[in-house]
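Everything numeric here is computed off the predicted structure, so don't read it as measured data. Sequence lines set the chain letters: A, B, ... in the order given, protein chains first and strands last, and positions in each chain run from 1.
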Number of protein chains: 2
Amino acid sequence: MLPRAAKTNSYQQVASILEAEIVGGRLKIGELLPIEAELAEALGVNRSTLREGLRALEGNGLVRRVAAKRLQVTAPDPERVALTNARALGLRGASFRDLWDVQMQLEHFAAALAAERASDDQAAALRASVEALAPVLDDDEAVIRHDIAFHALIGHAAANSALELATAPMGLLLFSATRDLYRAVPAARHRLLDAHRAIADAIAARDAAGAAEWMRRHIADFRRGYEVAGFDLDAAIELRRAV
Amino acid sequence: MLPRAAKTNSYQQVASILEAEIVGGRLKIGELLPIEAELAEALGVNRSTLREGLRALEGNGLVRRVAAKRLQVTAPDPERVALTNARALGLRGASFRDLWDVQMQLEHFAAALAAERASDDQAAALRASVEALAPVLDDDEAVIRHDIAFHALIGHAAANSALELATAPMGLLLFSATRDLYRAVPAARHRLLDAHRAIADAIAARDAAGAAEWMRRHIADFRRGYEVAGFDLDAAIELRRAV
DNA sequence: GTTGTCATATTGTCCGACAATGTTAACATG
DNA sequence: CATGTTAACATTGTCGGACAATATGACAAC
């Protein structure tokens, strides 16, 4: 086992060094990076090279452009991370069953936590989401958007960033993969609405057990719909354009 | 709602376009990208600009440098994704409790799946991992490394990429956050070894219920150790250097 | 067939330049 | 003094060109 030539490129080193500074807390979240000329000087590379390193960091979500043209150190944005993870899962050929299995383990727990921890505003937002869905129940796209948003709200209300990180990408992938489900199984729309309403009510009533139970049924029903529609549980799920 | 100024930078457009090609399947996984000069020409930007876009994609894990100097289209590497997610969680201040809650929901399920699906090689690798741990039980670093590896093996053997994606980052964060645990609670080392052995045996015996039950106890015990050691369950977990 | 040599292709890095745009400072005006 | 205007300045995004290092492939020599 030879000592691995350690011949990394300069721009990778730039990214690694800055990443270490961020993770190590020497560059704090929210802080502005020095201007490119200074950074390049300090790191001993050309501005072009530095910029390549910065773009890599940007791809990692550790810095972002802020109003002023300056770059700001930032913790990865949950939505971006969710998208990235969803893409990773899609590209690796995850199946509906894979995703559903995990969802079944997590969503009821998220609902229970949300019932315990949601602020009044969040509980109200959940109910508002349900009521906003009712009038557009025959618009497939809208149903999917609302479904994703509803589960994202719950994930957020559960106030557990690890749980949110784990559930968000699956919501994105699963629900957007069901674009044809509602055409094939029209009744699913109403069952979805009823379930959402029951869950939102339970959360608003701080009924953790009820929220969890309704969520279980909701997720189970989701799978049933998928099967009834004749989709293959084990086929690689289709990656769709971000919703 | 104005039509969103669409004033994105060229290098971001480069990244978006290529990303769309990859996600849309027109650029297939494993394919080599054209040489930079051609790509720049085709996209109508300068090579420097193109390279910034490529670095962003690289940061997203969608392309990687391969033996030849050429860039290869690739699905994000699970280990990299796990690291990225762990970093995101750490920077967002996730607590031990947050992570443990999710782990408690998922790990027993992973163990059960592993018992059903693990190949003989994988089952053997699990047992080998346990036996490799036994002789180095007094080396804290080694214990942590083995612990992470053991759970990663199970995650992999469960043959569910979504589950793996969800569990891997927590293993990284949680276990590496316990560097001082084994000094504070020496007995935890032996309980860990026993649990690992029981889990590996159950998986090798295709005993899904047994594997799940042992895993539950193992995770529960892990938390007890953390509490006994006097650590704060709700403090933001400490980000450590990659193990 | 293997090995060595060489021309070629490609990337990584640097340099310098400039337009667009945001920021700051100076200034006038009420 | 507060406010609005303008001009100087700073910074980023993009470009073009250059060159060394190195991998690749072809070809010759053994």
Q) Nearest-Å distance, CD (B:E52) to C1' (D:dT14)? A) 8 Å
Q.
Measuring from the side chain of B:S10 (C-beta onward, heavy atoms only), which nucleotide among C:dT13, D:dG13, D:dT14 has the closest atom?
A. D:dT14
Q) With B:F109, which residues qualify under ring-ring contact (aromatic ring centres under 6.0 Å, His included), at least two apart? A) none
**Q.** Nearest-angstrom distance from the residue atom CZ of B:R65 to P of C:dT13
**A.** 9 Å
Q. In whole angstroms, how far is the P atom of D:dG13 from the CZ atom of B:R51?
A. 17 Å
Q. What integer distance in Å separates A:L71:CG from D:dT12:C1'?
A. 9 Å
Q | Nearest-Å distance for atom pair CD1/C1', residues A:I35 and C:dT23 | A | 13 Å
Q: Kindly write out the residues that satisfy side chain to side chain contact (heavy atoms under 4.5 Å, CB included) with B:I29, not counting sequence neighbours, or none if the list is empty.
A: A:L91, B:V73, B:A75
(Q) Does anything in residues 79-92 of chain A form a salt bridge (Lys or Arg N to Asp or Glu O under 4.0 Å)? List the pairs, not counting sequence neighbours. (A) A:R87-B:E19
Q | Qualifying residue, where the test is salt bridge (charged side-chain N to carboxylate O under 4.0 Å, His left out) with A:E58 and the options are A:R64, A:R65, A:R51 | A | A:R65
Q: Assign each of B:L50 and A:P34 to its nearest nucleotide of DNA chain D by heavy atoms, then name whichever residue's nucleotide is nearer the 5' end.
A: A:P34
**Q.** Between P of C:dG12 and CG of A:N9, the distance in whole Å
**A.** 5 Å
Q | Spacing between B:L32 atom CG and D:dA23 atom C1', to the nearest angstrom | A | 14 Å
Could you tabulate the donor-acceptor pairs under 3.5 Å formed by side-chain atoms of residues 153-171 of chain B, not counting sequence neighbours?
from: B:H156; atom 1: ND1; to: B:E164; atom 2: OE2; distance (Å): 3.2
from: B:N160; atom 1: OD1; to: B:A162; atom 2: N; distance (Å): 2.9
from: B:N160; atom 1: OD1; to: B:L163; atom 2: N; distance (Å): 3.0
from: B:N160; atom 1: ND2; to: A:D98; atom 2: O; distance (Å): 3.1
from: B:T167; atom 1: OG1; to: B:L163; atom 2: O; distance (Å): 2.9
from: B:T167; atom 1: OG1; to: B:E164; atom 2: O; distance (Å): 3.3

Q: Please name all residues satisfying ring-ring contact (aromatic ring centres under 6.0 Å, His included) with A:F150, sequence neighbours left out, ordered by chain then number.
A: A:H196
Q) Atom CD of A:Q13 to atom P of C:dG12: distance rounded to whole Å? A) 13 Å
Q | Of residues 38-48 of chain B, the positions that come close to DNA chain C - non-hydrogen atoms, cut-off under 4.0 Å | A | B:R47
